[in-house]
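Numbering of ligands and ligand atoms starts at 1, following listing order. As a basis for the values below, the full set of heavy atoms in this structure was taken, side chains included, without hydrogen atoms, waters or symmetry mates.
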Amino acid sequence: MARKVIIAGNWKMNNTAPEGSALVEALKPLVAGIDAADIVVCPPFTTLNAVVETACNSNIKVGAQNLHWAESGAFTGEISAAMLKEAGATYVIIGHSERRQYFGETDATVNQRLRAALCSGLIPIVCVGETLEEREGERTDNVLSMQLSGGLAGITASEMADIIIAYEPIWAIGTGKTATPEMAEDTHCFIRGRLIEMFGADLAEKVRIQYGGSMKPENAAELLAQPNIDGGLIGGASLKAASFAALIKNAIG
Ligand code: PGA
């Protein structure tokens with residue numbers, strides 16, 4: 001089953017508008033002509049407009065890092081799907097572990113945000129992953145099952161076709177510790193197995209599952225060589241054009 005590779009940069013709370021534009025300006029020639037991978041950058045909200053403008057007429061797409069589920073209203077500090085669309089975003093990250101850890105994100109709110117993204121036509125990247133304690137306590141499968149069944153509750157198979165899953169073991173994010181390719185593949189297999197149970201094999205085989213957590217140019221090829229690893233969600237290594245471009249090239253081989 002050929003699934004197109006998708007490499008997305010999660011800039012987190014980094015890069016002002018001029019800095020973000022400069023990064024994408026530098027990235028454009030380095031990735032020009034690459035069509036074997038979908039290439040996405042996810043800047044902070046205030047940097048979206050500038051980056052969308054700079055990425056215009058290139059193969060780089062732009063995503064946001066979060067959205068609120070309501071269309072509008074009294075939700076101080078939040079941003080709606082329509083606002084992200086207006087800014088030119090085409091993707092949105094949902095339920096990143098930092099949102100879960102620091103901002104009280106739960107599987108229920110992931111589900112609400114996911115519905116809002118789907119309704120507006122934004123392509124959701126839904127993040128799941130276990131802590132070190134959960135892995136060491138052999139609870140990884142349980143935790144991922146709960147995150148998938150809660151986060152994807154009520155989603156139809158045709159909606160699932162538009163959703164990307166990002167598996168990010170929390171202990172590997174920003175730590176320099178990457179899951180070994182075999183360990184990541186085992187977990188991706190487990191996730192695909194759950195998707196088969198939930199949505200049927202035909203659909204589940206089409207869903208792209210990204211790996212995230214200290215992915216860099218040096219380990220991208222071996223991770224992407226695994227049959228169930230279809231891309232990457234990249235933090236640190238997406239903040240420099242040269243390393244992000246090198247990672248993309250290594251990922252597609
Ligand atoms: P990292 O972050 O690549 O810096 O580990 C990944 C992420 O949090 O999405």
Provide the number and element of each atom of ligand 1 under 4.0 Å from a heavy atom of [X].
{"X": "Gly236", "answer": "1 (P), 3 (O), 4 (O)"}
{"X": "Ala172", "answer": "5 (O)"}
{"X": "Lys12", "answer": "2 (O), 7 (C), 8 (O)"}
{"X": "Glu168", "answer": "6 (C), 7 (C), 8 (O), 9 (O)"}
{"X": "Asn10", "answer": "9 (O)"}
{"X": "Gly174", "answer": "1 (P), 4 (O), 5 (O)"}
{"X": "Gly213", "answer": "5 (O)"}

Exercise. Under 3.5 Å, is there a donor-acceptor pair linking the side chains of Tyr167 and Glu130?
Worked result: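 Yes, a side-chain donor-acceptor pair sits under 3.5 Å.
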Problem set entry | Modelled atom types, side-chain donor and acceptor of Thr109 and Gln112, under 3.5 Å |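 The criterion, which ignores hydrogens and geometry beyond distance, is not satisfied for Gln112 and Thr109.
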Exercise. What's the spacing between Ser214 OG and Trp171 CH2 if we round to 0.5 Å?
Worked result: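 It comes to 9.5 Å.
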For this session: Calculate, to the nearest 0.5 Å, the distance between atoms CD and CG belonging to Glu53 and Leu48 respectively.
Result: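 One finds 12.5 Å between CD of Glu53 and CG of Leu48.
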Does the distance from a Lys or Arg side-chain N to an Asp or Glu carboxylate O, for [X] and [Y], drop under 4.0 Å?
{"X": "Asp141", "Y": "Arg194", "value": "no"}
{"X": "Lys4", "Y": "Asp35", "value": "no"}
{"X": "Glu205", "Y": "Arg3", "value": "yes"}

Problem set entry | Nearest candidate to atom 3 (O) of ligand 1, where distance is taken over non-hydrogen atoms, out of Gly176, Ser97, Ala237, Gly235 |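 Ranked by closest heavy atom to atom 3 (O) of ligand 1, first place is Gly235.
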Exercise. So which bit of Ile173 gets within less than 4.0 Å of ligand 1, heavy atoms only: side chain, backbone, both or neither?
Worked result: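 Ile173 to ligand 1: contacts from backbone and side chain alike.
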Exercise. Polar-atom distance check: His96 versus ligand 1, any N or O pair below 3.5 Å?
Worked result: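 Such a contact does occur with ligand 1.
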